[in-house]
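The first residue of the sequence shown is numbered 1, and numbering continues consecutively from there.
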Amino acid sequence: MHGEHTIREIFGQPDLWPRVGEHLVSTLSASALGGVREVVFTGCGSSYHLAEAGAKLLAGWAGVRTRFAPASELILFPDTLLSDDAQVALVALSRTGTTSEVLQAIGTFRGRAGASAPVVGITCAPESPLVEACDFPIVIPSREESVVMTQAFTGTLLALAGWALSLRPDPLRAAALREAVRQAEAPLRQSEALKALAAWPVRNFVFLGGGLLHAIASEGALKLQEMALEPSAIAFHALEYRHGPKSTAGPDTLVTLLCSEGGSAYEAALLDELKGLGARTLAIASADQAAIASRADAHFLVEASSDATRALLYTPFLQLLAYHRAVRNGTDPDAPRHLSRSVIL
């Protein structure tokens, strides 16, 4: 069966999320960022989207000054991203812990910031070059067999949120995150509805998200490219779609809007505009945004009180959409052409 590992790993998220506990991050709150003025996040592919999410989580929840960039940018253009400052920390993400560009980026960072500048490594592989190269490892308890990253993505996202909370505890955010973990099965119960949606006769897929949710929109587009070999899958910051890209909207375009906490009024108007352009629309939103989401041709709702919990619960919808589109297209999500679990140069 094509995609058997992928679909099993998508449906394994309710088992994984509770195991991504505070023990993964509690030792880092004081030691890793002590005396640090800025944190740079880096990764490749899905791990780069996690780098964006992590940077925004630590900035928004912990008040830490952050930046994020693909590992290749740190290697090739260090002058635009790095300074000779030992009070900067690097967070390097790689599911396998073997991605060449991530390991090279650590070397570039140490060459600029000095050996005393801390490096946090986040991976699913406890015995890997990344763990050996970093000062403070976070190991996510996920062992994926598929080439495509699914449960490891949300597991890492959850760990990043837990780390942000450990830096600046907030009982309300902690309770909301625990509630999101308890709801892990909710998106998965919509699998058949997503299967039907994946059969819509469209050629172009657009994913829109603002703030933290831009990282999730980017991941949604990447999943369709990887799993279903859909070349016309692309992501934008939600309101940026108005500035040029909307010229491509039409009946053969499915626009997926990830509704945010702070942008509701603007996003409601955007959905109306998209429908007026003839595009097909899908909205994923929290339950209190049902009136907005119902403006779309199709919508799914979750119980979420922040964009961090939205990000966690929205992601499985996008993974399932990509999986079902792949099955429809006759591609194998477990082993997409040209791809491997790790890019080793």
Side-chain angles (χ1 to χ4, degrees), residues 16-43 47-69 81-83 85-94 102 105-106 109 113-114 116-124 130-131 133-141 152-181 211-216 260-262 304-313 315:
L16 173 65
W17 291 3
R19 293 190 284 115
V20 180
E22 292 182 0
H23 69 280
L24 292 172
V25 293
S26 60
T27 59
L28 295 173
S29 58
S31 56
L33 300 186
V36 167
R37 289 198 299 239
E38 183 177 56
V39 181
V40 179
F41 285 76
T42 195
S47 292
Y48 171 57
H49 301 154
L50 285 166
E52 177 182 355
K56 291 177 177 177
L57 274 167
L58 259 67
W61 279 18
V64 177
R65 189 171 73 184
T66 62
R67 285 185 287 165
F68 59 93
L81 296 162
L82 299 175
S83 61
D85 187 350
Q87 291 183 297
V88 175
L90 179 70
V91 179
L93 297 107
S94 168
V102 172
I106 293 174
F109 172 77
S116 63
V119 175
V120 177
I122 303 180
T123 182
C124 296
L130 177 60
V131 169
C134 73
D135 303 300
F136 304 98
I138 300 176
V139 178
I140 309 301
F153 184 93
T154 55
T156 303
L157 183 63
L158 182 58
L160 289 165
W163 186 16
L165 280 173
S166 75
L167 294 169
R168 183 180 288 178
D170 183 310
L172 292 178
R173 285 173 174 162
L177 206 58
R178 288 193 296 270
E179 179 58 29
V181 170
L212 172 60
L213 296 176
H214 177 259
I216 307 307
S260 68
E261 181 177 9
S305 58
S306 71
D307 281 351
T309 51
R310 284 178 177 85
L312 191 63
L313 290 168
T315 301

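- A side chain to side chain contact (heavy atoms under 4.5 Å, CB included) with V181 is found for exactly one of L158, V20, L313, namely L158.
- Evaluation of the side-chain hydrogen bond (donor to acceptor under 3.5 Å, both in side chains) rule for W61 yields no partner, not counting sequence neighbours.
- A distance-only check finds no donor-acceptor pair linking the side chain of S94 to the backbone of T123 [under 3.5 Å].
- The two atoms that bring L50 and L157 nearest to each other are CD2-N, 3.9 Å, heavy atoms only.
- Proximity of P141 to L16: side-chain heavy atoms (C-beta onward) are separated by under 4.5 Å at one or more points.
- Residues meeting the ring-ring contact (aromatic ring centres under 6.0 Å, His included) test with H214, sequence neighbours left out: H237.
- A search for side-chain hydrogen bond (donor to acceptor under 3.5 Å, both in side chains) contacts involving S260 returns E267, not counting sequence neighbours.
- Between A311 and I216, the closest heavy-atom pair is CB-CG1, 3.6 Å.
- Between L57 and F41 the shortest side-chain heavy-atom distance does not fall below 4.5 Å.
- Side chains of L58 and L33 form a contact here, defined as non-hydrogen atoms less than 4.5 Å apart.
- By the side-chain hydrogen bond (donor to acceptor under 3.5 Å, both in side chains) test, D170 is found to be paired with no residue, residues two or more places apart in sequence or in another chain being considered.
- When each of W163, F68, F136 is checked for a side chain to side chain contact (heavy atoms under 4.5 Å, CB included) with V91, only W163 meets the rule.
- Under the side-chain hydrogen bond (donor to acceptor under 3.5 Å, both in side chains) criterion, S306 pairs with T309, not counting sequence neighbours.
- The salt bridge (charged side-chain N to carboxylate O under 4.0 Å, His left out) contacts involving residues 48-57 comprise E52-K56, where partners must be two or more places apart or lie in separate chains.
- Of all heavy-atom pairs spanning L312 and A180, the tightest one is CD2-CB, 4.1 Å.
- Interatomic distance, S305 OG to R173 CZ, rounded to the nearest 0.5 Å: 10.0 Å.
- Residues meeting the side chain to side chain contact (heavy atoms under 4.5 Å, CB included) test with A174, sequence neighbours left out: L165, R178.
- Scanning for salt bridge (Lys or Arg N to Asp or Glu O under 4.0 Å) contacts around E179 gives R182, with sequence neighbours left out.
- Listed by first then second residue, pairs satisfying salt bridge (charged side-chain N to carboxylate O under 4.0 Å, His left out) with a partner in residues 158-167 number zero, not counting sequence neighbours.
- For V88, the side chain to side chain contact (heavy atoms under 4.5 Å, CB included) partners two or more places apart in sequence, or in a different chain, are E38, V40, S83, D85, F109.
- Residues I122 and L130 share a closest heavy-atom pair of O-CD2, 3.7 Å.
- Listed here is the closest heavy atom pair of L81 and A69: CD1-CB, 3.7 Å.
- By the side chain to side chain contact (heavy atoms under 4.5 Å, CB included) test, S47 is found to be paired with L93, M149, residues two or more places apart in sequence or in another chain being considered.
- The shortest heavy-atom contact between T66 and A59 is OG1-CB, 3.7 Å.
- With sequence neighbours excluded, no residue forms a salt bridge (Lys or Arg N to Asp or Glu O under 4.0 Å) with R168.
- One distance of note links CZ of R310 with CG of L212; it measures 10.5 Å at 0.5 Å rounding.
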